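First the structure, in the form of structure tokens, and then the observations on it.
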Amino acid sequence: MAKIYTDQDASLDPIKDKKIAVLGYGNQGRAWALNLRDSGLNVIVGLEREGNSWKQAVQDGFQPVHTEDAVKQADIIIFLIPDMVQRYVYREKVQPNMKEGADLVFAHGFNIHYKLIDPPSTSDVYMVAPKGPGATVRDFYTKGGGVPALVAVQQNPSGKALEKALAIAKGIGATRAGVIETTFKEETETDLFGEQTTLVGGVMELMRSAFRTLVELGYQPEVAYFETINEMKMIVDIIYEKGFTGMLKAVSDTAKYGGLTVGKFVINEEVRKRMLEAAEKIRSGKFAEEWIEEYNRGSPTIKEGLEEIENSLEEQTRRRLKEIIERGKPKS
Ligand code: NDP
Ligand code: MG
Ligand code: MG
């Protein structure tokens, strides 16, 4: 059984007198910097350039500095810049400027697990990985809640790495929900698998395939959109609140029977074989290799993919239905 920590198991003490450098002020960076500051911790925002993030950080009351200047002062250095950028920033700005024994903290295990960053043996290396988008990490915190997270320790010369990881988790609000202890390997591989086969890739392609099937059969795209894409939120909300059992109780008996039988017919052994293949590609490091190469070529596949989706019939249909969707949203 997984080890779970909550607010009572975590104290801010191990980090309350430390200077915490948050590198990056995007999805996670902004949420962490604000939450840690609101938790009474000493945060400095470090950025590479005086661009959009810089402006946003100033607007939020921070005085951002360049990465190397943040790193020089920091006892704890948190990497909240894109995974593909971290190793360059580490090599050029962090490693040459960090205090001996400063902590290196990650929100995802990619760079450590795939050995793209090789930290000094004198540093504690640990992870706090929120299981939700940055905007939600901030939103839940301001409303008294927290997004659950995973914590892991890779290097622990001080013997205090786990306490500090839990302190950071508490500072961003995650222990209000609960934090599970894991390893860099487990977090990295499961995070990649989840986003590829379910959260980002799987769900989107499932919805798109269903939409396209209906449209090809001659049904109106607007009707198909409501049926196979828009209603997903309502179903997922019920799963989030009440689990699959609660969801199955909320739908008609006809939907229950159809869902329980046809779901397994569509998502069959063949699909699971492909999921295993996806897992194998992650575990062998092949996916990481492929993604690094894609990134180094300027991410052409991402660009093409985004363009294809933006121009797709699904998105065109959504644009037509946007007013209906907006008008229907709850008003409070
Ligand atoms: P973002 O893509 O939001 O990071 C953007 C920030 O990084 C901005 O401050 C941006 O500055 C800076 N940045 C972008 N490119 C560069 C560059 N080439 N050099 C230096 N700085 C750059 O990152 P995320 O918050 O999405 O991810 C950060 C970490 O958190 C990753 O390890 C990720 O895996 C992990 N994570 C992310 C989650 C998410 O929901 N997004 C969930 C859980 C973990 P500027 O504005 O100047 O470009
Ligand atoms: Mg994730
Ligand atoms: Mg991820």
Side-chain angles (χ1 to χ4, degrees), residues 21-36 43-60 62 64-71 77-94 104-114 116-117 125-141 146-152 154 165 168-169 172-174 177 179-180 182 184 186-203 278 282 287-288 291-292 295-296 298-299 302 306:
V22 169
L23 304 185
Y25 203 76
N27 293 318
Q28 294 292 332
R30 176 164 191 257
W32 287 46
L34 291 169
N35 292 5
L36 293 171
V43 176
I44 182 163
V45 174
L47 294 171
E48 284 292 285
R49 48 199 181 207
E50 298 182 23
N52 286 338
S53 298
W54 192 286
K55 273 191 219 131
Q56 182 67 56
V58 170
Q59 238 176 51
D60 294 339
F62 288 103
V65 297
H66 286 283
T67 307
E68 53 271 42
D69 298 321
V71 165
I77 300 159
I78 309 182
F79 285 83
L80 295 171
I81 50 181
D83 294 307
M84 285 302 114
V85 172
Q86 291 180 12
R87 65 187 193 281
Y88 300 112
V89 171
Y90 174 75
R91 201 177 59 206
E92 283 147 37
K93 303 284 169 65
V94 176
L104 299 175
V105 184
F106 297 85
H108 174 43
F110 198 96
N111 279 269
I112 294 293
H113 178 61
Y114 292 117
L116 304 170
I117 290 178
V125 178
Y126 48 92
M127 167 167 51
V128 180
K131 292 293 119 180
T136 315
V137 170
R138 179 59 182 162
D139 183 47
F140 280 23
Y141 179 90
V147 168
L150 305 182
V151 292
Q154 178 81 8
I168 300 270
I172 63 170
V179 165
I180 300 176
T182 182
F184 273 63
E186 183 176 70
E187 188 280 336
T188 305
E189 293 175 353
T190 55
D191 187 76
L192 295 173
F193 182 81
E195 63 203 22
Q196 292 173 16
T197 62
T198 316
L199 306 175
V200 182
V203 165
I282 292 165
F287 170 76
W291 168 213
I292 291 165
Y295 178 79
N296 289 340
S299 304
I302 293 188
L306 291 177

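Quick caveat: nothing in here was measured; it's all calculated off a predicted structure. Counting starts at 1 for both ligands and their atoms, following the listed order. Only heavy atoms go into these numbers, but all of them, side chains included; no hydrogens, no water, no symmetry mates.
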Fill in the blank from the handout: Heavy-atom proximity to atom 48 (O) of ligand 1, picking from K131, E187, R49, points to R49
Exercise for the section: List every atom of ligand 1 that sits less than 4.0 Å from any heavy atom of L80, numbering the atoms from 1 in the order shown and giving each element. Expected result: 4 (O), 28 (C)
Practice task
Could you tell me whether ligand 1 has any atom less than 4.0 Å away from a heavy atom of P130?
Solution key: yes
Problem - Non-hydrogen side-chain atoms of V128 and W32 separated by less than 4.5 Å - result: yes
Completion exercise
ligand 1 atoms nearer than 4.0 angstrom to some heavy atom of Q86 are 31 (C), 32 (O)
Practice task
Give the residue, atom name and distance (to 0.1 Å) of the protein heavy atom nearest atom 26 (O) of ligand 1.
Solution key: N27 ND2, 3.0 Å
Exercise for the section: To the nearest 10 degrees, could you say what angle the Mg ion (ligand 3) makes with OE1 of E195 and OD2 of D191? Expected result: 90°
Practice task
Can you pull out the closest protein heavy atom to atom 6 (C) of ligand 1? Residue, atom name and distance to 0.1 Å, please.
Solution key: G26 N, 3.8 Å
Handout entry: Those atoms of ligand 1 less than 4.0 Å from some heavy atom in G24
Key = 9 (O)
Completion exercise
Note: E48, heavy atoms under 4.0 Å from ligand 1, region reported as side chain
Problem - V58 side chain near P64 side chain, heavy-atom distance below 4.5 Å - result: yes
Exercise for the section: Return the residue, atom name and 0.1 Å-rounded distance of the protein heavy atom closest to atom 46 (O) of ligand 1. Expected result: S53 OG, 2.4 Å
Exercise for the section: Please work out whether the ring planes of F106 and F184 are parallel, tilted or perpendicular, with thresholds of 30° and 60°. Expected result: perpendicular
Practice task
Determine, using heavy atoms of E50 and all atoms of ligand 1, whether some pair is separated by less than 4.0 Å.
Solution key: no
Problem - Shortest protein contact, atom 42 (C) of ligand 1 (heavy atom only) - result: Q28 NE2, 3.1 Å
Exercise for the section: Considering non-hydrogen atoms only, spot the tightest contact between L23 and V94 and give its length. Expected result: CD1-CG2, 3.8 Å
Handout entry: Donor + acceptor pair across side chains of Y90, N111 (<3.5 Å)
Key = no
Practice task
Give the residue, atom name and distance (to 0.1 Å) of the protein heavy atom nearest atom 2 (O) of ligand 1.
Solution key: P82 CG, 3.7 Å
Completion exercise
ligand 1 atoms nearer than 4.0 angstrom to some heavy atom of G132 are 40 (O), 42 (C)
Problem - Top protein contact for atom 18 (N) of ligand 1, by heavy-atom distance - result: V85 CG2, 3.6 Å
Practice task
Could you name the option among V89, I78, L150, I81 that has the heavy atom nearest to atom 12 (C) of ligand 1?
Solution key: I81
Problem - Distance filter under 4.0 Å to A107 heavy atoms, resulting ligand 1 atoms - result: 30 (O), 35 (C), 44 (C)
Problem - Side-chain heavy-atom pair I81, T67 within 4.5 angstrom cut-off - result: no
Practice task
Find out whether K131 and E187 are in side-chain contact, i.e. whether some heavy atom of one side chain is under 4.5 Å from a heavy atom of the other.
Solution key: yes
Exercise for the section: For the residue pair Y295 and W291, categorise the inter-ring angle as parallel (less than 30°), tilted (30 to 60°) or perpendicular (more than 60°). Expected result: perpendicular
Problem - Numbering as shown, the atoms of ligand 1 that approach D83 to under 4.0 Å (heavy-atom distance) - result: 31 (C), 32 (O), 33 (C), 34 (O)
Problem - Donor-acceptor contact present, side-chain N35 to main-chain V137, <3.5 Å - result: yes
Practice task
Decide yes or no for Y126 and V151: does some side-chain heavy atom of the first lie under 4.5 Å from some side-chain heavy atom of the second?
Solution key: no
Exercise for the section: For residues F79 and M127, determine if any side-chain heavy atom of one lies less than 4.5 Å from a side-chain heavy atom of the other. Expected result: no
